[in-house]
Amino acid sequence: MTRLLHIAVKDMKILLRDKAAFLIMLGMPLVLIFILGSALSGVGESENVDIPVAIVSVDAGDQGAPFAEAIADVEELQAVFNIEVLDDVELVRSKVEKGDLTAVLVIPVGFTEALAAGEPIELEVLQDPGSEMTAGIWVGVARAAAANLSAGQIVRITVENTLARAGIPQSPVTFQQGDTGGDIAFDAVSVKQLDVEPEKQVEMIDYYAAGQTGLFLLFGAMFGAFGFARERRERTFARILASPATTMDLVGGKSLGILGVACAQFLVLYLGTTLLFGVDWGPTPSGILLVGFAEAWAATGLAMTLSVLGKTERAIGGIGPTVIMLFAALGGSMIPVDMMPAWMLPLQSVSPVYWAMGAFLDLMRGEAFSVVLMPVGILLGIGAVLFTFGLWRLRYE
Amino acid sequence: MTDIVQVRGLVKRFGELVAVDNVEFTIAEGETFGLLGPNGAGKTTTISMISCLLEPTEGEIIVDGHSIRNEQTAVKRTLGVVPQEIALYPMLSAAENLAFWGRMYGLSGTGLKKAVDEALELAGLADRSKERIEKYSGGMRRRINIAAGILHKPKVLLMDEPTVGIDPQSRNHILETVKNLNSSGMTVLYTSHYMEEVEYLCDRIAIMDHGKIIAMGTLNELRDVVGGMDVISVIVGEVSDGIITAVNAIEGVEGVNRANGVIEVLTPSSSSVLGRLVATLESEGAHVTSVTVIEPNLESVFLRLTGKSLRD
């Protein structure tokens, strides 16, 4: 066991002295995170001049839809809002969660009946708390609409009662543009303001911190595989095996060395991106560390596999980056996975980067620790499969 | 003295290739035993089997009473191995390398430090112990390569061509080191294709060719194989088949070998053959630029037994 540790320490010492490896494993990811995060920081942020909102009527009667259309047709509102009129509450709720809509005014079931009966009506506004100010404007609009509707309701009921008492036939009442304007207040219709629990928006710098960390941990694996090839070439493997050290000491020591370096690399990237670029890894550092460890283990397994796929450092230097970049591309470290074609989706599941990034991003969005357990399990499984394959095919000569 | 290494009926096959073919020898405790042969003779394969790196196809090896078949750890503890390659870590210093290899043999603490210091002294590199190996010359690396094999004070030291590709000064240092280690009681198995080294160092010598031991004994016993014959080495430029046939026909010539413009002639009487040899070469159109007469040595033994030079 002590020989295993000595081999691991020796490997870590050698790798830390390798300037090229140091640069690629730590320098490049930090630089790329900074460049990509800074350059793309504006992408995906909403414009304040055209706030996306919607009105949904789920009223089965004949008054809900005209009321919604009446609000949507107000020119002053159109100048500020991009208003959609929809009829699917779940759809709009999803859009708010994703950040596609800032707020939604919901005209409830029974709106027409309540209006006719003069009963209180409760309009709902779903809003993204992350866009509190812009959503607040839409709530204001809803309140104004509610106030005018209340006023209109009083007028209509009064007129209807008066006409009824005079014995004059009544004509149908519909909403016209202008019914929603004005400043009359009445409590018959109220607005209930509801906060939707949306996914926290991840900044570009955060996204690329997760992506590049996931990617460059695998490059650490490539240097680990180089170590195997170098020891074969320089015959230090044979020399170790000619000593009382066992093959378990040798493989275990080298693997532990790679795992240790990968964990150290992850910690430096985690702390470095936090301190240098203010990356927000979310409120669950224990989850982040667990995912980092799981990907470091997957990288260790990848190192074992690469070390048998290529017998020399040159061969590994050709195969390694190809495999790693493929994993990175499939995993979303270059472009978000939801921009990829559907046929690619099954391929993503073999990429350690995909699972690591997904878990990192979930934690960055504020998800609970438990959300990473499945990806961590999958990462450990990928690592175990790659490690077993490498061990099976490993040659010491 | 007891035999600390016993090799019996050793065979190693790689597919159709028989790399080691029924090799048998013993090494007495405190002896320096040489394995001499050209590249590809099977020396390294034999050493690899003794050091438990290769499993024999057939045969048995006993080291200090332990079989390599089922007591490998005990065998490995007894051995020190100096491989042909410089099996060190270039990014680590000499002291770090030696400490690592010492730990592989179970050394630790003050025992390890003392062993490292002694090994550095032996290598003559104590003052440069903190420098990375990558900055060392080839000869210095070779010396550390040997130091790494002996710092745990093994009973038996296996040295596989330890002087390949180094300067004369380092070579002399290494040969003296081996002499001193042997004087201190260490048993040494030394392989080389340099006959001078084997002649200088070894008490007994086995000559290998094509996986077989073709002769074995002390230096004097081996010299007797050639019956006191000399080797006349002639540099002639181009050597045709006609020249070889003509030289073979000279009375008193027992064997002829040619390699890279050199003809080596085995003869019991160089003085009587020399004149006729030069005349024959001139008459065959060969341009003689140099003639050297070599007293009986391992080179002539090898030439006698195989019909070719050790350098072939």
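Chain naming here is simple, since letters A, B, ... match the order of the sequence lines and numbering starts at 1 in each.
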> Under a 4.5 Å heavy-atom cutoff, which of H152(B), E96(B), Q84(B) has the most pairs with chain A?
E96(B)
> Which region of N145(B), side chain (C-beta onward) or backbone (N, CA, C, O), has a non-hydrogen atom less than 4.5 Å from a non-hydrogen atom of chain A, or is it both or neither?
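When you check distances to chain A, atoms from both the backbone and side chain of N145(B) fall under 4.5 Å.
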> I'd like to know whether the aromatic ring centres of F226(A) and F219(A) sit less than 6.0 Å apart in this structure.
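They do not qualify: ring centres at least 6.0 Å apart.
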> Between K13(A), R233(A), R17(A), which shows the greatest number of heavy-atom pairs under 4.5 Å with chain B?
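Looking at each option in turn, the highest pair count goes to R17(A).
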> Heavy-atom distance under 4.5 Å to chain A: side chain of A148(B), backbone, both or neither?
both
> Counting only heavy atoms closer than 4.5 Å, note whether L79(B) contacts chain A via side chain, backbone, both or neither.
neither
> Find out whether K43(B) and S192(B) are in side-chain contact, i.e. whether some heavy atom of one side chain is under 4.5 Å from a heavy atom of the other.
no
> With a 4.5 angstrom heavy-atom cut-off, could you sort out which part of L88(B) is near chain A: side chain, backbone, both or neither?
both
> Check the angle between the aromatic planes of Y89(B) and W101(B) and answer parallel, tilted or perpendicular using the 30° and 60° thresholds.
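Judged by the thresholds at 30° and 60°, the geometry between Y89(B) and W101(B) is parallel.
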> A side-chain contact here means heavy atoms from C-beta on lying under 4.5 Å apart; do L4(A) and L250(A) qualify?
no
> Of the backbone (N, CA, C, O) and the side chain (C-beta and beyond), which part of Q72(B) lies under 4.5 Å from a heavy atom of chain A, both, or neither?
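Neither part, no heavy atoms under 4.5 Å.
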> State, without any angle test, whether S170(B) and D167(B) hold a side-chain donor-acceptor pair at a distance under 3.5 Å.
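Yes, side-chain donor-acceptor contact under 3.5 Å.
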> Checking heavy atoms, do the side chain of Y105(B), its backbone, both or neither come under 4.5 Å from chain A?
both
> Do you see a donor-acceptor pair shorter than 3.5 Å between the side chains of E29(B) and T187(B)?
no
> Return yes if a side-chain donor-acceptor contact under 3.5 Å exists between Y190(B) and E161(B), otherwise no.
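Side-chain D/A pair, Y190(B) to E161(B): absent.
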> Tell me which of these, A99(B), P90(B), S108(B), has more heavy-atom pairs under 4.5 Å with chain A than the rest.
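Counting heavy-atom pairs under 4.5 Å, the top option is P90(B).
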> Counting heavy-atom pairs closer than 4.5 Å to chain A, which one of M104(B), M91(B), E85(B) comes out on top?
M104(B)
